[in-house]
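In listed order, ligands and their atoms are each counted from 1.
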Amino acid sequence: MYILSTNGGACMVDAVCQISSGDNPLISVSVMKKNYTNEMMHKNNTFSLSIFGMKDDPRLIKHFGMQSMRDANKFINEEYEIINETPVLKGTLGYLVLEKVDTIETDTHTLFIGKLIEAETNSNEEPMSYNHYQAHKEELMKATSESNKTAWVCTVCGYVYYADELPSDFVCPRCGATREMFIKKE
Ligand code: FE
């Protein structure tokens, strides 16, 4: 499992494949055409893949995989850095930064092919496979759901964020309201 990021878009992906070797191997990633990230991938020349680990916060799967940047800015409360003009999410096992060199269109997905220009390993912990995600989807989602957590509701747009405490620099990912605009719902 990977978090694919590019300027203006990010989503969870699993169909990542190394397709050549050498110092700057080619890597392909398949992205659904209906995803907003697909649109952004067509516009931009660089993208990054952050490697999601078994011990990484399952909240990120829901955050990056189950909402669209059409509705919410997924980066707004996350720690990331810009490398070669592309956002790279921090705190995962490592990342790859790629320069887009080709695209192949299919009926449902676009295959984006990138040349590796930078990579970093942060941890040697086990990465999460798509198979593991599918087999443990329910418990992974449960860990991020409303159970035992306080709901914080944005009084401007109605966005709900589940956490014990709202981070001090929290901003509504949907409408941009600051944390003072959120009310606690027990
Ligand atoms: Fe809001």
Decide if atom CD of E79 counts as having more than 12 heavy atoms of other residues, nucleotides or ligands within a radius under 6.0 Å.
no
Counting only heavy atoms not in K33, do more than 12 fall under 6.0 Å of its NZ?
yes
Name the orientation class of the two ring planes belonging to H132 and H136 (parallel below 30°, tilted from 30 to 60°, perpendicular beyond 60°).
parallel
Geometric class of the F112/H42 ring pair [parallel <30°, tilted 30-60°, perpendicular >60°]
perpendicular
Show, in sequence, the C-alpha distance, side-chain angles and deciding distance for K34 and E39, and conclude whether the salt bridge (charged side-chain N to carboxylate O under 4.0 Å, His left out) test is met.
CA-CA 8 Å; K34 65 174 188 181; E39 263 177 60; over 6 Å; no
Between F182 and Y161, is the ring centre distance below 6.0 Å?
no
Enumerate the protein N/O/S atoms at a distance below 2.8 Å from the Fe ion (ligand 1), ignoring waters.
C154 SG, C157 SG, C172 SG, C175 SG
